[in-house]
Amino acid sequence: MKFLRNGAAIALAFAPVSGFADTLEDVQARGQLLCGVNTGLSGFSFTDADGNWTGFDVDMCRAVAAAVLGDADAVEYIPLTGKTRFTALSSGEIDFLSRNTTWTYSRDSDLAANFVGTSYYDGQGFLTRAELGVSSVMDLDGATICIKTGTTTELTLSEFFRSNGMTYEPVPIESDSEAQQQYNAKSCDVFTADASALAANRASFADPDAHVILPEIISKEPLGPAVRHGDDRWHDIVGWTLNALIAAEELGITSENARTLGDTTNSPEIKRLLGVDGDLGAMNGLSATWAQDAIAAVGNYGEIFDRHLGTDTVIGLERGLNAQWFNGGLQYAPPFR
Amino acid sequence: MTMNSTPTESPDAFRVSQLLSDTRYRAKTLQTIAGVLIMLFLGWLAANTLSNLNTLGKPLSFSFLGDKAGYDINQRLIPYTAEDTHLRAALTGLMNTLVVAVLGCLTATILGLFIGIARLSPNAGLARLARVYVEIFRNVPLLLWLLLIFALLTETLPAPDAFRGEDPSATLIFSDSVAVTNRGVFVPSISFNQPRFGWLLLGLIAGLSVLAGLLRSAAKRHQSKTGRPVALGLPILATWALSLMALVYWAGPTVSYPELRGFNFRDGIHLRTSLVALWLALALYTAAFIAEIVRAGITAVNKGQKEAAAALGLRGGQTMRLVVLPQALRVIIPPLISNYLNLTKNSSLAIAVGYMDLTGTLMGITLNQTGRELETVLLGMSFYLAVSISISLVLNWYNARVQLRER
Amino acid sequence: MSQSNDLIPPRPAPQSANGILGRIQALAAQGPSHLILSVISYAAMAAMIWLILRWAISPTWTAGSLAECREILQGQHGKACWGVINERWSQLLIGFYPKAEFWRPALAFVLLGLAIFAMLRVNARAMERKLAVIPFVLTPYLLWGGPIWSWVVLFGAACLLLVMNKLLRSTNAKADFAIRIAFIGAAVWLAMNISDALPPSLKDLGLEPVKSREFGGFLLSFLIGLSAILFSLPMGVALALGRTSKLPLLRVVSTGFIEFIRGVPLITLLFIASTLLNIFLPPGTNFDIIVRVIIMVTLFASAYIAEIVRGALAAVPKGQTEGAASLGLNYWQTQRLIILPQALKISIPGIVSTFIAVFKDTTLVSIIGLLDPLGLANNIRADSAWTGIVWEIYGFAALIFFIFCFAMSQYSMWLERQLQTGHR
């Protein structure tokens with residue numbers, strides 16, 4: 001009983017209480033950004049042997065940390081599953097969610113997540129073995145299909161097959177690597193997921209040419225970072241950090257010249273964005289060089305894409321819809337003014 | 001303490017401090033305090049929950065159960081399509097949980113019984129093999145076993161493709177009736193032309209059981225009168241076999257064999273790899289625990305009992321059946337029940353291999369699609385609780401029956 | 001059944017059952033079917049070992065990716081690719097814990113192992129048990145680090161408390177309690193504020209702080225398993241006493257809690273930890289997922305410990321309670337001095353098995369996204385160098401789990417034997 005008596009007093013001292021009224025203030029007070037990422041997805045978020053997180057989604061975290069705190073490494077990564085991601089966001093466990101999450105109506109309204117924009121335009125596709133001789137999704141009646149659970153893909157798939165009067169056998173899988181293993185063992189005929197993930201998978205196969213990605217993309221999957229409902233300033237900060245990265249590519253700002261270009265250029269927009277002229281950062285409670293810091297830390301949108309997903313990487317994705325608007329893509333940053 | 005300063009008070013009068021110091025009242029006082037505290041705590045939790053849910057804009061509501069589920073479930077024991085409700089999806093998942101639990105318990109018991117007896121075998125090689133089995137399966141986490149077995153099944157078994165073509169690398173076994181693939185095992189299914197076959201079968205089983213019971217009690221009476229046992233085993237078995245065969249023949253069975261059409265085998269019954277892997281993992285893992293229980297049960301029976309049975313002239317099998325096992329069962333059954341319960345609860349690991357049980361449907365996809373964490377998890381927990389409680393009630397009732405009355 | 005007055009004829013002396021010859025003779029005496037059974041059993045074991053060795057012996061330790069492994073093996077199939085273990089073994093053991101600080105968890109767990117050994121010894125002396133508390137106080141500091149001062153204060157306070165327990169045996173329990181509360185309060189206050197009082201040069205003295213988030217792999221499994229078992233012990237004992245109590249309310253609440261926890265799968269409790277615990281608590285409360293998981297696993301383990309202790313309580317003969325009552329001991333004195341010491345001794349093997357079970361069950365946290373060995377397996381496979389790796393990581397994890405669980409179960413069986421002799 002002595003133990004209980006002694007213990008009770010100690011326990012009281014450790015009762016943790018904190019709040020999340022204003023995310024920006026919380027982050028600055030903490031000196032660290034809590035960023036929700038995927039537990040493991042090629043190209044988007046995974047750890048290297050030293051335990052450093054890398055990937056496309058991870059660089060979004062780093063960019064926001066650089067913009068808000070001036071230090072891209074001041075991030076604590078919180079690996080989340082499809083199930084825990086929205087709860088983690090709404091409960092304040094993370095400051096923002098950068099976990100290849102599709103922006104949908106019900107998620108935006110019912111699940112109390114606010115999407116800040118689209119960092120990656122994706123769509124649901126189908127990967128299959130070339131030897132099956134399938135050239136269209138319409139040939140897949142009766143096929144066994146590997147599918148990751150907890151995503152929008154399973155609803156889209158179900159709807160698509162039903163509306164086309166076809167049947168299929170779903171093989172639900174928890175993780176990307178597990179699904180790939182099933183597909184490789186021919187445990188399923190087809191693997192359906194976001195086209196980017198399919199390309200990443202196909203690239204890592206021993207013989208990529210034996211596999212084809214079917215031409216049909218059956219859904220729109222705009223993936224983007226999301227923040228909590230009810231904190232408009234934080235929503236603006238994350239959203240405009242993404243915009244800054246996209247605008248940087250359009251304006252020719254790179255990680256190398258971000259620190260110097262502001263002094264040498266004549267373009268007023270570049271000067272504004274880099275904080276050399278005017279103080280856009282102050283409107284959101286940030287430093288003048290917030291965008292400069294973010295770009296210097298992770299590079300512009302194109303650099304991030306090329307580093308993790310582009311044609312020079314193992315994954316080898318084309319820019320496609322994610323090219324700048326003037327190159328026929330959809331990435332279009334509103335003006336910094 | 002202020003009460004002590006009034007010594008003039010009569011000793012019989014009730015004082016407030018008696019509530020704590022007097023053993024007659026103390027129990028009630030403490031319980032009242034504890035009760036109030038517990039109620040306050042629960043109330044505090046409930047209040048927090050409601051206010052938090054309101055802040056999140058998701059007030060407690062189970063109406064989502066009536067909404068369209070929108071996702072497909074591959075293994076359906078009750079009719080279900082993506083157009084059905086979330087509630088029906090949950091029930092489909094519950095059925096899947098029950099199926100794998102029943103299959104797992106049966107297999108684990110049989111396997112565990114054999115391994116438990118093998119551990120006590122006088123044959124050192126067999127006993128050692130049994131021990132290796134038990135140690136390997138008991139000391140590695142079930143989830144790891146599940147993943148390993150699932151990977152083993154998908155990587156080593158042939159894909160349906162291997163059955164194709166002029167010179168297939170894999171063939172159906174059991175005279176072309178069973179296909180073992182990495183998408184699951186396809187076995188022939190039997191359907192009957194008689195529409196009321198199921199009811200007739202149930203009636204027949206009930207009738208035969210009653211008949212067998214009557215015969216047994218008659219035989220017992222005969223034995224206690226004359227001292228001679230009546231060999232009933234074979235006649236009863238023959239009756240069962242003959243009448244079942246007659247019924248099946250009369251009902252007109254149609255067997256449909258699995259056949260490779262299109263992408264996959266069609267017809268027959270499809271035991272999916274996820275089911276097989278989960279079933280195997282649960283059964284193999286739990287069997288190691290049951291084996292130890294069986295071993296402990298058998299060694300717990302006093303050696304003198306066996307010797308006394310031998311002195312009475314009972315044969316080895318009779319000794320086991322009539323003397324050792326009934327006594328061993330008293331020791332075996334309680335831990336066996338808790339292992340059955342563990343197996344049922346462990347079946348929730350299904351989520352790791354994509355078997356669509358209750359955790360995969362209600363607490364998996366439904367939770368994901370609707371975002372109703374509280375409602376789905378509460379509902380899922382109460383489903384499991386109901387299953388656990390009913391299993392333990394049934395088995396405790398059985399346990400009470402086999403338990404010998406101790407004098 | 002023949003009646004005869006003759007004695008049983010003399011038989012040859014029993015053959016020696018020892019030595020290879022004796023064993024072979026014993027086997028031969030059992031007949032051919034036994035021999036065949038033996039041969040089959042040993043052949044099965046040998047085949048298993050051969051299969052594993054054939055896979056495991058593979059010159060791929062230095063490979064940097066799965067593709068390199070394939071190159072080294074040049075088309076040989078069914079061979080392991082050990083490069084992944086070479087590159088990631090430390091990650092699998094300690095997660096993202098700074099590699100330079102590897103010695104801290106290692107030291108902590110060696111000390112803890114010794115302490116647990118000392119505590120669970122059947123005939124441990126009281127002093128040994130008291131000394132064994134030290135590693136438990138030390139471990140949190142070793143693992144999490146940070147400025148040393150708060151911990152020095154707490155550690156000193158804990159030691160002082162022990163001394164106080166010895167010296168301050170006053171007759172007034174209330175005053176005793178009040179002094180303790182005041183003392184602990186002062187110590188905690190001092191621990192929280194001491195860093196402000198120190199000069200800046202001394203302020204940050206201590207081990208490098210490490211966050212719970214950086215814990216992973218087996219370190220995480222151990223952390224969750226150990227804390228759960230530690231906290232669940234007192235809770236389990238309390239629940240067991242509650243369930244056997246004469247007070248109906250206490251009994252109902254304890255029984256309800258135990259049966260509820262035992263009736264639901266651990267994974268649902270982990271879902272609560274990952275998605276719901278914050279909803280139950282006051283708005284804005286938010287604490288670490290690892291702490292939440294530890295809370296739920298503790299609740300889970302306590303229900304099982306409670307059942308073990310309840311069984312042990314029932315095994316203590318009733319005469320002990322009656323004897324205590326005849327000496328005039330009250331309920332708490334009876335439990336503390338007479339019943340619990342005997343009951344806990346009997347329940348040690350059961351507690352060890354629960355610990356093994358809890359340790360194995362920590363793998364479930366991978367399902368809610370924590371990076372334990374299985375969670376890391378998934379994460380490592382997302383690195384494009386290692387996509388397609390399956391057996392090596394699972395095999396490595398299985399081996400380590402096996403070593404620890406097997407050792408513990410052997411230890412528990414040894415304890416059981418010791419206890420058996422003690423009771424006859």
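What you see below is based on every heavy atom in this structure, not just the backbone, and it leaves out hydrogens, waters and symmetry mates.
- Residue C:S366 touches chain B through its side chain alone, counting heavy-atom pairs closer than 4.5 Å.
- Using a 4.5 Å cut-off between heavy atoms, C:F271 contacts chain B through its side chain alone, with no backbone atom that close.
- Less than 6.0 angstrom separates the ring centroid of C:F401 from the ring centroid of C:F218.
- There is a side-chain donor-acceptor pair under 3.5 Å between C:S38 and B:N123.
- Interface residue C:L364: backbone and side-chain heavy atoms are both found under 4.5 Å from chain B.
- With hydrogens and angles left out, the side-chain atoms of C:K360 and B:Y285 include a donor and acceptor closer than 3.5 Å.
- Proximity to chain B is absent for every atom of C:Y331, based on heavy atoms less than 4.5 angstrom apart.
- Contact annotation for C:M48: only side-chain heavy atoms (C-beta onward) come within less than 4.5 Å of a heavy atom of chain B.
- Of the residues considered (C:L269, C:T363, C:I367, C:V39), C:T363 shows the highest number of contacts with chain B, using heavy-atom pairs under 4.5 Å.
- There is a side-chain donor-acceptor pair under 3.5 Å between B:Y384 and B:T359.
- By number of non-hydrogen pairs under 4.5 angstrom with chain B, the leading residue of C:V253, C:V390, C:L247 is C:L247.
- Looking at C:S409, the atoms closer than 4.5 Å to chain B (heavy atoms on both sides) all sit in the side chain, from C-beta outward.
- Chain B forms more heavy-atom pairs under 4.5 Å with one residue of C:K246, C:R262, C:E259 than with any other, namely C:R262.
- For C:L37, the parts sitting under 4.5 Å from any heavy atom of chain B are the backbone and the side chain alike.
- When heavy atoms are compared at a cutoff of 4.5 Å, C:P248 approaches chain B by way of both its backbone and its side chain.
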- Message: I'd like to know whether B:F289 forms a ring-ring contact (aromatic ring centres under 6.0 Å, His included) with B:F137, so could you lay out the CA-CA distance, the side-chain angles of the two residues, the decisive distance to 0.1 Å, and finally the verdict.
- Response: CA-CA 9 Å; B:F289 290 85; B:F137 273 93; over 10 Å; no
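- Using the six-membered ring where Trp is involved, C:F300 and C:Y304 have ring planes that are tilted, between 30° and 60° apart.
- For the set B:A127, B:A151, B:A47, B:A386, the entry with the most heavy-atom pairs within less than 4.5 Å of chain C is B:A151.
- Looking at C:F406, both its backbone and its side chain come within 4.5 Å of chain B, counting heavy atoms on both sides.
- Proximity of a side-chain donor or acceptor of C:E392 to a complementary backbone N or O of C:C81 within less than 3.5 Å is detected.
- Partner of B:L341 under the side-chain contact (heavy atoms from CB on, under 4.5 Å) criterion, chosen from B:N346, B:L336, B:I389, B:I391: B:I391.
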